[in-house]
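Heads up: numbering here begins at 1 and tracks the sequence.
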Amino acid sequence: EEEALLSEMDVTGQAFEDMQEQNIRLMQQLREKDDANFKLMSERIKSNQIHKLLKEEKEELGDQVLTLKTQVDAQLQVVKKLEEKEQLLQTNLTAMEKELSLRTQTLDMHKRKAVEAAQLAEDLKLQLEADQKKLSEVQNDIIESSVAREKENFNYKRAQEDISKLRRKLERQKKPEMFTNCDEILMEEIKDYK
């Protein structure tokens, strides 16, 4: 019995040692699993933090993209308005260029007409001077002719008077008996001279 008991105790002890070794291995495996779980948990936490940061960054980037899109839309509106303004200015510029061209043509035409008018005025001035010269010459001729005519009239009247005097003298000489004395004859001659 003792041997059987010892043998059983040896077997039990050996079994106990095996169990302890197995427990030690299991404890080691458990610790390794805990370490692995801890490491996985840490990595998961870290991954979650990274995911959260990435999500926040993504949201921030989304906000920035939205802000940039809003700014781009506003700038596009500004560009569109500037293009419309440029088009309007271009249209106005084209109209002003056409108007300037028409006004330039009109100005050139007025300049030509002014030159023609100035030339015509100069020609009329020369013609007027020539006509005034001719008129002056005609007036001088008229005056000279008038003076000559007056002189001729005067000479004619003098000649008529001289003829009348000579006729009266002739008549007195033919009829001396009409005058009673010399005083009457002299008085008659004085009248003739007056």
- Which is it for Thr106 and His110 under the side chain to side chain contact (heavy atoms under 4.5 Å, CB included) test, yes or no, and what are the steps along the way? CA-CA 6 Å; Thr106 304; His110 286 321; 3.4 Å; yes
- Message: Are the side chains of Gln22 and Arg25 in contact, using a 4.5 Å heavy-atom criterion?
- Response: yes
- To the nearest 0.5 Å, what is the distance between CD (Glu137) and CD (Gln132)? 12.0 Å
- Message: Are there over 12 heavy-atom neighbours, none belonging to Met109, within less than 6.0 Å of that residue's CE?
- Response: yes
- Measure the CZ-CG distance between Phe16 and Asn23 for me, rounded to the nearest 0.5 Å. 8.5 Å
- Pairwise side-chain contact, Leu76 with Val72, heavy-atom cut-off 4.5 Å (strictly under): yes
- Message: Is it the case that the side chain of Ser146 and the backbone of Ile142 share a donor-acceptor pair, with hydrogens and angles ignored and the cut-off at 3.5 Å?
- Response: no
- Query: Salt-bridged, Glu99 to Arg103, with N to O below 4.0 Å?
  - Reply: yes
- Rounded to the nearest 0.5 Å, how far apart are CG of Leu102 and CD of Gln105? 5.5 Å
- Query: Under the 3.5 angstrom rule, does the side chain of Thr67 hit a backbone N or O of Asp63 as a donor-acceptor pair?
  - Reply: yes
- Any chance CD of Glu86 has more than 12 other-residue heavy atoms, nucleotides or ligands included, within less than 6.0 Å? no
- Item | Full working for side chain to side chain contact (heavy atoms under 4.5 Å, CB included) between Lys81 and Val78 | CA-CA 5 Å; Lys81 288 182 179 179; Val78 172; 5.8 Å; no
- Message: Counting C-beta onward and ignoring hydrogens, is there a side-chain heavy-atom pair between Lys58 and Leu61 closer than 4.5 Å?
- Response: no
- Task: Please round to the nearest 0.5 Å and tell me the distance separating atom CD of Glu161 and atom CZ of Arg168.
- Result: 9.0 Å
- Item | NZ-CG distance between Lys52 and Leu54, expressed to the nearest 0.5 angstrom | 12.5 Å
- Assess whether side chain to side chain contact (heavy atoms under 4.5 Å, CB included) is satisfied between Glu59 and Lys55, documenting all intermediate values. CA-CA 6 Å; Glu59 291 175 354; Lys55 185 178 179 182; 3.6 Å; yes
- What distance separates Met27 CE from Asp34 CG, expressed to the nearest 0.5 Å? 9.0 Å
- Message: Counting C-beta onward and ignoring hydrogens, is there a side-chain heavy-atom pair between Lys133 and Glu129 closer than 4.5 Å?
- Response: no
- Give the intermediate values and the outcome of salt bridge (charged side-chain N to carboxylate O under 4.0 Å, His left out) for residues Asp35 and Arg31. CA-CA 6 Å; Asp35 291 339; Arg31 277 195 297 270; over 6 Å; no
- Query: Is it true that the side chains of Asn140 and Glu144 contain a donor and an acceptor less than 3.5 Å apart?
  - Reply: no
- Asp73 vs Gln77 side-chain heavy atoms within contact, under 4.5 Å: no
- Item | Side-chain H-bond candidate by donor/acceptor type, Arg149 with Ser145, under 3.5 Å | yes
- Looking only at atom types and distance, does a side-chain atom of Ser101 sit under 3.5 Å from a main-chain N or O of Glu97, one as donor and one as acceptor? no
- Between Asp123 and Gln119, is any side-chain donor less than 3.5 angstrom from a side-chain acceptor? yes
